[in-house]
Amino acid sequence: MNSRRSWLVFAVVVLAYLVSVLQRTSLGVAAVEATDRFGITAAALSSLAVVQLLVYAALQVPVGVMIDRVGPRFLILLGAALMCAGQVTLAIAPDIGVAVLGRVLVGAGDAMTFISAIRLLASWFEGRALPIVTQLLGTSGQLGQVLSALPLVALLHTAGWTRTYLTAASLSVIVVVVVGVAVRGRATAPEGTPSWKHSLRQLRESLARPGTQLGFWSHYVTQPSVTMFSMLWGFPFLSIALGYGPTGSAALLTLVVVTAAVTGPLLGLLSARFPLRRSSIVLGIVTMMGVGWIAVLAWPGVPPLWLIIVLIVIIATGGPGSLIGFDFARTFNPLRSLGSANGVVNVGGFTASFVTMFLIGVLLDAIDTIRGGTGIPTELYSLESFRLAFLVQFLVVAVGIVMLLVARRRTRARLHEEEGITVAPLWVALMRAWRRRRSNGQ
């Protein structure tokens, strides 16, 4: 545990996740090109991205169960192979139907990567190092978004659609080779494969634990804003609605990764230092995101660049913030069923993401139709249309906040019953801490 070999495994797992994120976000930076290439509407384009996330979310629980049965290494290898096949299919797709098949394969492969990586790290790291390396994994993996936002965009505009996505596919081949060679030994597969009956019982137990549910809703409320922005709607919003163009938009999207690189380790340290206040950290992040969106959407006229930068920085915090959900799963579940618990948690954020993403596309089309638009990108992706369409995320997140508060109350009640730990409201704890400092100062 926590050895030099552990850090080698960590580096290889980061590579696998980095490439997975690149494959996941490679469509968002080509949203305008995809609209023209396949001659589709905004709703159809959102469907192309949503089907990928739908497959991802639908497979999380089955993949979690399979991790506990066959081990994370096998699923990381299978996931990379599926993403390679998906990108090849998208590269040669003559129409939207074949393109959907390609994104289904990408979504299936992507679904196997992250929770397998988390489960693998749980076998190589322990103690306070584990939540920190989990955050580092999520942060480092987001470099894949930089690769899709800058080199992939440049390649798309010089080499064209087919060569760009074939190049992306080749990166997953590299992952298969590196993981196959370097990741061996501890917990690459379980010592004894449990029966399906036993696996399903573990899944039911994980689902029933309030801590798993708290992880689900924590993931649900923190992830959708940054995911819908970085995967699909951020690029047309920045490049067309705000007029920054492809190059400027790609550069702005890299702020998501820079922010995650700074806030990820910090949130990991905070989670390790204040484990009883992790839900308060989550709610603080969501509150900041809501304030940021209100400021941008309510701004009269075109929002200034500095405000857009502030918004991107704020919503980017939701990426590493969503990883706190997996820390809840680790805390309240035994290692033998951690794969199932992580699968349950990961469904949360991606369910919220594909619902938000799809509804935004539907609203953009509806607004364009009402205004008598022609469906061309400059009218379809206007600033005023985005102002209205982006409001839907407030409704999606509000549902999650209510459920998070319910799950938190049940988790704290279970914690009190089983371990005698009482978690006071945050304001009470802050007042007590202030009084203690005041008494010590006197």
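In this text the structure is predicted, and so the values were computed from the model without any measurement.
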Indicate yes or no for a side-chain donor-acceptor contact from [X] to the backbone of [Y] under 3.5 Å, with no hydrogens or angles considered.
X: T411; Y: P210; value: yes
X: N346; Y: N342; value: no
X: S322; Y: G319; value: yes
X: S249; Y: P246; value: no

If every non-hydrogen atom of [X] is compared with every non-hydrogen atom of [Y], which pair is closest and at what distance?
X: A272; Y: P275; answer: O-CD, 3.7 Å
X: A16; Y: I76; answer: CB-CG2, 4.0 Å
X: S353; Y: P224; answer: OG-CA, 3.3 Å
X: S26; Y: L152; answer: CB-CD2, 3.5 Å
X: V88; Y: A169; answer: CG2-CB, 3.7 Å
X: A57; Y: T351; answer: CB-OG1, 4.1 Å

- Step through the shown structure and confirm whether more than 12 heavy atoms of other residues, nucleotides or ligands are within 6.0 Å of CZ on F358. no
- Residue R371 excluded, over 12 heavy atoms near CZ under 6.0 Å: yes
Are [X] and [Y] side-chain neighbours, meaning at least one heavy-atom pair lies under 4.5 Å?
X: V344; Y: L207; value: yes
X: T212; Y: N333; value: yes
X: R330; Y: F326; value: no
X: L415; Y: F332; value: yes
X: W124; Y: V13; value: no
X: L171; Y: V175; value: no
X: Q213; Y: F328; value: no
X: P265; Y: I132; value: no

Rounded to the nearest 0.5 Å, what's the gap from [atom1] on [X] to [atom2] on [Y]? Could you check?
X: I324; Y: L214; atom1: CD1; atom2: CG; answer: 10.5 Å
X: S385; Y: I360; atom1: OG; atom2: CD1; answer: 12.5 Å
X: L77; Y: S172; atom1: CG; atom2: OG; answer: 11.5 Å
X: F354; Y: T356; atom1: CZ; atom2: OG1; answer: 9.5 Å
X: T317; Y: I281; atom1: OG1; atom2: CD1; answer: 12.5 Å

- Please step through side chain to side chain donor-acceptor pair (under 3.5 Å) for the pair R119 and S123, ending with a clear verdict. CA-CA 7 Å; R119 176 62 181 84; S123 299; 2.7 Å; yes
- Item | D368 vs E379, side-chain contact (heavy atoms from CB on, under 4.5 Å): CA-CA, chis, key distance, verdict | CA-CA 7 Å; D368 187 56; E379 294 183 2; 3.9 Å; yes
Extract all donor-acceptor atom pairs below 3.5 Å that involve side chains of residues 96-116 and protein atoms in other chains or at least two apart in sequence.
from	atom 1	to	atom 2	distance (Å)
R103	NE	Q52	OE1	3.0
R103	NH1	Q87	OE1	3.1
R103	NH2	Q23	O	3.2
R103	NH2	R24	O	3.2
R103	NH2	Q52	OE1	2.6
D110	OD1	S20	OG	2.5
D110	OD1	R24	NH2	3.1
D110	OD2	R24	NE	2.6
D110	OD2	R24	NH2	3.4
T113	OG1	G109	O	3.1
S116	OG	M112	O	2.5

Quick one: side chains of residues 396-408, donor-acceptor pairs under 3.5 Å with protein atoms, not counting sequence neighbours, listed by atom name and distance.
from	atom 1	to	atom 2	distance (Å)
R408	NH1	S279	OG	3.3

Indicate every side-chain donor-acceptor pair of residues 305-315 with a distance under 3.5 Å to a residue at least two apart or in another chain.
none

Identify each donor-acceptor pair in which a side-chain atom of residues 285-303 lies under 3.5 Å from a protein atom, sequence neighbours left out, and give them as a table.
from	atom 1	to	atom 2	distance (Å)
T287	OG1	L283	O	2.8
W293	NE1	S225	OG	2.7
W293	NE1	Q393	OE1	3.3

Side-chain atoms of residues 226-244: list all donor-acceptor pairs with protein atoms under 3.5 Å, sequence neighbours left out, distances to 0.1 Å.
from	atom 1	to	atom 2	distance (Å)
T227	OG1	Q223	O	3.0
T227	OG1	Q223	NE2	3.4
S230	OG	V226	O	2.8
W233	NE1	M357	O	3.0
S239	OG	F235	O	2.6

- Item | Sole candidate of I118, L120, L323 that passes side chain to side chain contact (heavy atoms under 4.5 Å, CB included) when paired with L137 | I118
- Message: As a quick check of understanding, evaluate side chain to side chain donor-acceptor pair (under 3.5 Å) for R278 and S218, giving each step before the final call.
- Response: CA-CA 9 Å; R278 289 171 293 183; S218 296; over 6 Å; no
- Scan residues 152-162 for pairs that pass side-chain hydrogen bond (donor to acceptor under 3.5 Å, both in side chains), counting only residues two or more places apart or in two chains. E33-H157
